[in-house]
Amino acid sequence: KQEVTQIPAALSVPEGENLVLNCSFTDSAIYNLQWFRQDPGKGLTSLLLIQSSQREQTSGRLNASLDKSSGRSTLYIAASQPGDSATYLCAVIRGFGNEKLTFGTGTRLTIIP
Amino acid sequence: DGGITQSPKYLFRKEGQNVTLSCEQNLNHDAMYWYRQDPGQGLRLIYYSQIVNDFQKGDIAEGYSVSREKKESFPLTVTSAQKNPTAFYLCASTQRGNTGELFFGEGSRLTVL
């Protein structure tokens with residue numbers, strides 16, 4: 001059974017710093033991996049999707065990497081801003097159908113002005 | 001603008017009552033999903049549908065029911081058989097045969113009084 005872990009559960013950093021969020025998964029046979037952002041009381045917003053054949057994806061100040069062999073993905077946020085404060089979740093899709101998607105419990109990020 | 005609309009945003013229910021949460025998408029996506037989110041837990045799949053008039057149970061389907069009569073609509077009914085229905089419910093969709101990127105609505109928070 002696929003298990004997805006995000007450590008730490010919470011992280012606080014001063015504004016302007018670069019930071020890395022971690023996502024680990026136990027089964028390397030994945031189809032793709034998706035990173036989401038969730039603001040309090042809101043739905044999930046898709047940030048980046050990395051397909052199994054890719055090593056990384058970039059969008060603005062965000063860069064996500066994928067290492068299937070070690071079962072790890074990282075989300076790098078450059079020059080953090082208070083507006084980046086949110087919970088970040090990763091989700092692993094094992095098969096073609098999304099019914100096989102497994103979510104981590106997320107990292108709650110706080111950027112201190 | 002294309003997206004997923006969930007309603008109502010907040011819903012209060014008395015014990016013993018059935019309630020229906022609405023999910024409508026105008027993204028022309030084939031597949032739709034319902035997830036439940038509880039504090040400290042990852043998202044859990046309730047039901048999913050990959051085509052009209054067909055749907056499958058997820059990991060925690062007991063006490064829930066769905067229908068998929070139209071491509072754009074996937075309502076979820078929380079029945080009185082659901083023992084602990086207070087939660088945040090999220091609807092999502094994706095285009096099958098594509099990258100598998102999942103898109104979410106804003107969520108509905110159900111509270112049982």
- Message: At under 4.5 Å between heavy atoms, what parts of residues 103-112 of chain A are in contact with chain B? List them by residue number.
- Response: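 Within residues 103-112 of chain A, the residues under 4.5 Å from chain B are Phe103(A), Gly104(A), Thr105(A).
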
- Message: Using modelled atom types and a 3.5 Å cut-off, is there a donor and acceptor pairing between side-chain atoms of Glu101(B) and backbone atoms of Ser46(A)?
- Response: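 Looks like no, no N/O pair under 3.5 Å.
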
- Message: Using the rule given for side chain to side chain contact (heavy atoms under 4.5 Å, CB included), can you reason through Leu44(A) versus Tyr35(B), listing the C-alpha separation, both sets of side-chain angles and the distance that settles it, and then say yes or no?
- Response: CA-CA 11 Å; Leu44(A) 277 66; Tyr35(B) 289 92; over 6 Å; no

Would a single hydrophobic cluster contain both [Y] and [X], if residues Ile, Leu, Val, Met, Phe, Trp and Tyr are joined by side-chain heavy-atom contacts under 4.5 Å?
| X | Y | value |
| --- | --- | --- |
| Tyr64(B) | Trp34(B) | yes |
| Leu45(B) | Phe36(A) | yes |
| Leu89(A) | Tyr31(A) | yes |
| Ile93(A) | Trp35(A) | no |
| Leu75(A) | Leu19(A) | yes |

- Any salt bridge (charged side-chain N to carboxylate O under 4.0 Å, His left out) involving residues 13-40 of chain A? Give me the pairs, sequence neighbours left out, ordered by first then second residue.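 As it turns out, the salt bridge (charged side-chain N to carboxylate O under 4.0 Å, His left out) pairs with a partner in residues 13-40 of chain A, which skip direct neighbours, are Asp27(A)-Arg94(A), Arg37(A)-Asp39(A).
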
- Message: Holding to side-chain contact (heavy atoms from CB on, under 4.5 Å), I want the full list of residues that pass it with Thr58(A), two or more places apart in sequence or in another chain.
- Response: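 Scan of Thr58(A) (side-chain contact (heavy atoms from CB on, under 4.5 Å), adjacent residues dropped) gives Glu56(A), Asn63(A).
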
- Top residue by heavy-atom pair count (under 4.5 Å) with chain B, among Ala9(A), Gly43(A), Ala91(A)?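 Option with the greatest count: Gly43(A).
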
- Gln54(A) atom CD, neighbour heavy-atom count above 12 within 6.0 Å: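 It does: Gln54(A) CD has more than 12 such atoms within range.
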
- Query: With chain A, which of Gly42(B), Ala31(B), Cys91(B), Gly58(B) has the greatest number of heavy-atom pairs at distances under 4.5 Å?
  - Reply: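 Among the listed options, the one with the most contacts to chain A is Gly42(B).
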
- Can you tell which of Gln41(B), Arg44(B), Gln37(B) has the highest number of heavy-atom pairs within less than 4.5 Å of chain A?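 Maximum pair count with chain A is reached by Gln37(B).
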
- Contact origin within Leu43(B) toward chain A - heavy atom pairs under 4.5 Å: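 Both backbone and side chain.
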
- Message: Sort by residue number and list every residue of residues 68-89 of chain B having at least one heavy atom under 4.5 Å from chain A.
- Response: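 Phe88(B), listed by number.
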
- Task: Answer with side chain, backbone, both or neither: which region of Gln6(A) has an atom nearer than 4.5 Å to a non-hydrogen atom of chain B?
- Result: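 Neither the backbone nor the side chain of Gln6(A) comes within 4.5 Å of chain B.
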
- Rounded to the nearest 0.5 Å, how far does CG of Leu102(B) lie from CG of Leu49(A)?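 CG of Leu102(B) is found 9.5 Å from CG of Leu49(A).
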
- Atom pair CG/CD of Leu90(B) and Gln38(A) - distance to nearest 0.5 Å: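 The CG atom of Leu90(B) sits 6.5 Å away from the CD atom of Gln38(A).
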
